[in-house]
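Report on the structure given below.
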There are 2 protein chains.
Amino acid sequence: MSTDEQRRRVTARDVAAVAGVTPATVSKALNNSPEVSEATRSRVLEAVRRLGYRPNSVARGLRARRTHTLGLVTDDLEGVFTTTMMRGVEEVASEQEFGVFLCNSYGSAAKERAHLEMLYDKQVDGVILLSGYRVRERGAPVRDLPGTPTVYLFQYTNDVPVPCILPDDEMGARIATEHLLGLGRRRIAFINGPPHYEATHDRLAGYRAALTAAGVDFRHALVRMGSTWYQDEGYAQMSDLLDLSPVPDAVVCASDHMAAGALDALHSRGLRVPDDVAVVGFDDRAFSRHLRPPLTSVALPLYEMGRLAGQRLLAAIGGEKQSHEFLRIPCDLVVRESCGAPRGADR
Amino acid sequence: MSTDEQRRRVTARDVAAVAGVTPATVSKALNNSPEVSEATRSRVLEAVRRLGYRPNSVARGLRARRTHTLGLVTDDLEGVFTTTMMRGVEEVASEQEFGVFLCNSYGSAAKERAHLEMLYDKQVDGVILLSGYRVRERGAPVRDLPGTPTVYLFQYTNDVPVPCILPDDEMGARIATEHLLGLGRRRIAFINGPPHYEATHDRLAGYRAALTAAGVDFRHALVRMGSTWYQDEGYAQMSDLLDLSPVPDAVVCASDHMAAGALDALHSRGLRVPDDVAVVGFDDRAFSRHLRPPLTSVALPLYEMGRLAGQRLLAAIGGEKQSHEFLRIPCDLVVRESCGAPRGADR
DNA sequence: CCAGACTACGAAATCGAATTCGTAGTTCAC
DNA sequence: GTGAACTACGAATTCGATTTCGTAGTCTGG
């Protein structure tokens with residue numbers, strides 16, 4: 001057994017030697033060039049098969065100035081929102097035989113910059129900037145990669161003319177509100193997120209649109225802006241809303257965490273969900289089905305967004321012109337028991 | 001403004017021209033070769049700075065046969081276990097200026113194989129195989145990358161002599177059991193995972209060891225093997241255990257999902273947690289703090305495992321000899337209210 | 001003043017594949 | 001039968017950085 005024999009990689013030269021041609025012909029045969037005869041091509045392919053030859057992507061990349069590689073830079077690698085989008089991106093890339101470089105910036109501009117430089121050095125064909133937070137505006141690191149197609153995912157920008165892929169937050173809030181209206185609720189409160197998030201404004205618009213369409217008055221007193229997205233905030237705002245009279249008969253929360261806080265507040269006041277107050281959340285987080293009662297929630301189309309980002313980027317790499325556009329992907333309402341709708345089967 | 005001017009990348013040749021030397025000297029100057037004078041080196045560095053030169057990793061990789069790149073292949077990209085480990089891997093890699101290719105196989109051998117071939121083509125310097133499931137044995141795709149250092153993460157193998165990085169499951173079950181013993185519980189049940197997982201056996205050993213050390217009899221009737229890790233299974237097994245008399249005064253569950261099921265079963269029998277029965281889970285899942293009562297749970301050292309995997313792999317790439325070893329990383333007990341311990345402050 | 005050692009740099013080969021271009025060899029038409 | 005038009009392939013160059021090796025030039029010591 002020749003275990004310690006240094007096995008060199010098989011190159012086109014080796015294949016050429018076996019097939020009795022030159023490396024140039026091997027390349028042509030493998031790249032479906034019309035200028036090789038069928039006889040020669042099959043000899044080459046046979047040699048390729050026998051030797052187990054695989055073209056070296058690095059050499060190919062150097063020559064072609066195309067590496068068949070993407071960069072994915074996120075600020076929150078293990079975020080509950082990010083990973084599903086990442087899966088979508090990876091899947092599309094892998095379908096087209098693209099590799100994906102994964103970079104985590106922890107939200108640090110310095111780290112992000114370092115990663116983008118690394119991606120530039122490695123000659124990636126395109127970059128996806130994936131945020132876990134959807135902040136309104138940030139720096140524009142895109143300028144660091146001139147000539148490299150870029151897509152913003154789950155993140156707004158007006159600084160650079162690149163596509164931004166986002167959930168249809170307006171629609172999400174609208175269908176949540178419509179659902180409650182359809183169940184006969186009329187005094188529907190809205191616990192929104194912090195105002196410096198773009199999503200907050202979009203969702204408010206959706207909530208308002210649903211009310212208007214149903215002929216229900218929009219009342220400022222029923223709308224709260226949170227200072228965070230978290231449970232404490234939901235608890236506080238809900239408690240506050242319960243001081244109104246009459247109390248709301250339903251509430252839309254801009255995150256499931258806030259909805260969980262709202263549930264706590266309702267329970268501690270002795271109110272029943274959904275009998276007294278119906279609750280709808282946002283994000284369809286994993287824990288939401290374990291809440292008491294299981295929470296109806298607006299699911300963000302994270303996977304579809306990831307796929308679309310990948311598709312857009314690959315199209316741009318393929319030569320398609322990129323434009324500065326905001327692509328909105330439809331949200332979905334996951335109905336459980338917290339709103340009192342007939343079907344709550346989901347466990 | 002010359003916006004449409006095709007900006008070519010700056011190469012070592014350009015730097016050389018500006019500095020009045022040859023590309024060879026540029027390379028030496030940048031790589032701290034001793035055979036360039038200080039005067040020349042600073043001229044080169046100045047030119048580098050002025051032109052914003054960055055060496056092309058692809059060309060460098062071709063020449064050096066080292067790409068400064070890792071492959072990370074997982075079967076569950078968005079799994080709750082995987083992402084934290086991924087973060088650890090990415091962080092270590094990025095500290096050493098390595099890029100990480102992200103690959104998701106969905107557990108499909110064909111996809112995994114395709115990804116490994118891609119990584120081979122791209123000349124990655126090493127590979128981490130990251131499982132979300134810790135199956136006992138699988139195929140040995142490692143053979144596909146001869147000469148490429150590999151580390152198994154969260155996954156066993158005996159087929160190939162590579163390091164396997166795993167949580168110390170034995171310890172995890174032991175500290176959970178010891179904790180309950182320390183709180184005065186003596187009739188401690190154990191709802192274990194499915195038997196075809198290696199972790200299941202390790203945890204059983206830990207549970208048993210803790211009992212033995214405390215002089216408490218190990219009783220087969222108190223130990224259940226699940227057929228899944230999920231909530232239904234926890235519910236069923238717990239219900240079964242409650243038919244014993246006397247009933248257990250505590251239970252260790254091999255997953256938080258099973259613990260949630262166990263809690264349901266306890267509640268539906270009218271038993272109080274932790275007063276009547278103390279409950280400890282495993283995995284410290286995000287939802288666990290939202291259970292009623294908040295669940296004490298064994299946290300897996302996922303981040304540390306990811307970092308260690310990265311460190312081991314980089315060491316192997318650096319020339320260190322790899323051996324077939326099982327590296328166990330210590331688990332941590334996160335105490336909340338479900339076991340009746342004094343301190344339950346956590347969120 | 002010159003042999004030998006040393007310094008600092010450049011010319012050229014290399015990594016592996018793709019591509020351009022040149023050219024034997026064939027085919028066809030007139 | 002000869003020139004034109006193809007066909008099928010190879011030689012050589014290229015991508016950009018590294019590395020080996022060779023060599024002017026400098027320095028030192030005898």
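Every chain is numbered from 1 and lettered A, B, ... according to where its sequence line falls, protein lines coming before strand lines.
Side-chain contact annotation: A/Asp76 with A/Thr82, donor-acceptor N/O pair under 3.5 Å absent. Using modelled atom types, one finds a donor on one side chain and an acceptor on the other under 3.5 Å when comparing B/Asp75 with B/Ser131. For the 3.5 Å distance criterion, the side chains of B/Thr40 and B/Ser37 qualify, holding a donor opposite an acceptor. Using a 3.5 Å distance cut-off with no hydrogens or angles, the side chains of A/Thr84 and B/Glu78 do pair a donor with an acceptor.
Both the sub-6.0 Å distance and the 45° axial angle are satisfied by B/Arg9 relative to the ring of A/Tyr120. For A/Arg87 and A/Tyr303, the positive end sits near the middle of the six-membered ring, less than 6.0 Å away and at most 45° from its axis.
Phosphate contact (OP1/OP2 of C/dC9, side-chain N/O of B/Ser37, threshold under 4.0 Å): present.
Using a cut-off of 4.0 Å between Lys/Arg side-chain N and Asp/Glu carboxylate O, B/Arg307 and B/Glu95 are scored as salt-bridged.
In this structure the side chain of A/Ile317 reaches within 4.5 angstrom of the side chain of A/Arg66, judged on heavy atoms.
An end-to-end axis angle of 60° holds for the helix from C/dC1-D/dG30 to C/dC30-D/dG1, taken from five base pairs per end and rounded to 10°.
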Item to check | Per-nucleotide protein contact string for nucleotides 14-21 of chain D (B base, S sugar-phosphate only, - none; heavy atom under 4.0 Å) | outcome: BBBBBBBB

